[in-house]
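Values below: every heavy atom of this structure, side chains too, minus hydrogens, waters and symmetry copies.
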Amino acid sequence: MALHVQQFFEDVLALPFDEYAVVGNAYYAAPQPNSALRLRIDFAPTIRHGEYDGLCLRVIHPDHSVLDTAMLRFADHGTFARRDAARDLVAGRDGYAVIRDWHAQTSQPPWRGADGAGLRTAIEQYAHFWFPPPPTVSRPAAQPTPSTSASPRTR
């Protein structure tokens, strides 16, 4: 079964980056214009083949390779809290806060029912640190101009 990566990043996470591409199972973004740095996001595998328990974020520079890596676990961000509560799954039980792409017979994405709000907030905070918005140039406040409504006196 496919992870439906494009749908996950566009529909569940709805990240605010204008320039991005999904290649294979990875999401690449250029959060800051004219910067060589790129953000790469992959599903973080567990010890089991085809099982994922979070996202792996990397800041990449073309000349210096990976500059930073951060792991965001689904359990820490409540991504599958509703799904797992409905299945009576708790931490430590098999299947808790993970997705699996083992079952080829289903057409549903393995992350169906995911709540991406917590992950999106964490990704935005991470990106803000590595890709801060450009500083705004402050302009001096406009000074009022004297009015010339009265005509000058003549003597």
Could you check whether any side-chain heavy atom of [X] comes within less than 4.5 Å of a side-chain heavy atom of [Y], counting everything from C-beta outward?
X	Y	result
W130	L39	no
H4	P110	yes
T79	I99	no
Y27	L15	yes
D94	R48	yes

*Is the number of heavy atoms from other residues, nucleotides or ligands under 6.0 Å of N34 CG greater than 12?*
no

*Within 6.0 angstrom of H128 NE2, more than 12 heavy atoms from elsewhere*: no

*With a cut-off of under 6.0 Å to the ring centre and 45° to the axis, is R83 in cation-pi contact with F80?*
yes

Heavy atoms only: give me the nearest [X]-[Y] pair and the separation to one decimal.
X	Y	answer
A26	V5	N-CG1, 4.5 Å
P62	A36	CD-O, 3.2 Å
G95	R100	N-NH2, 3.4 Å
W111	L3	NE1-O, 2.6 Å
R82	G113	NH2-O, 4.4 Å
Y20	E10	OH-OE2, 2.8 Å

Point-to-point distance, once rounded to the nearest 0.5 Å, from [atom1] of [X] to [atom2] of [Y]:
X	Y	atom1	atom2	result
H64	H61	NE2	NE2	4.5 Å
Y96	D84	OH	CG	6.0 Å
R38	E19	CZ	CD	7.5 Å
R93	D88	CZ	CG	6.0 Å

Say whether [X] and [Y] are linked into one hydrophobic cluster, either directly or through other cluster members, by side-chain heavy-atom distances under 4.5 angstrom.
X	Y	answer
L37	F129	yes
F17	I60	no
V12	L119	yes
V98	L72	no
F74	M71	no

*Are D42 and R58 close enough for a salt bridge, meaning some N to O gap below 4.0 Å?*
yes

*Under 6.0 Å between the ring centres of F8 and F43?*
yes

*Of the options N25, V22, L57, which is the one that meets I41 in a side chain to side chain contact (heavy atoms under 4.5 Å, CB included)?*
L57

*Checking R120 side chain against D115 main chain: does a donor-acceptor pair fall under 3.5 Å?*
no

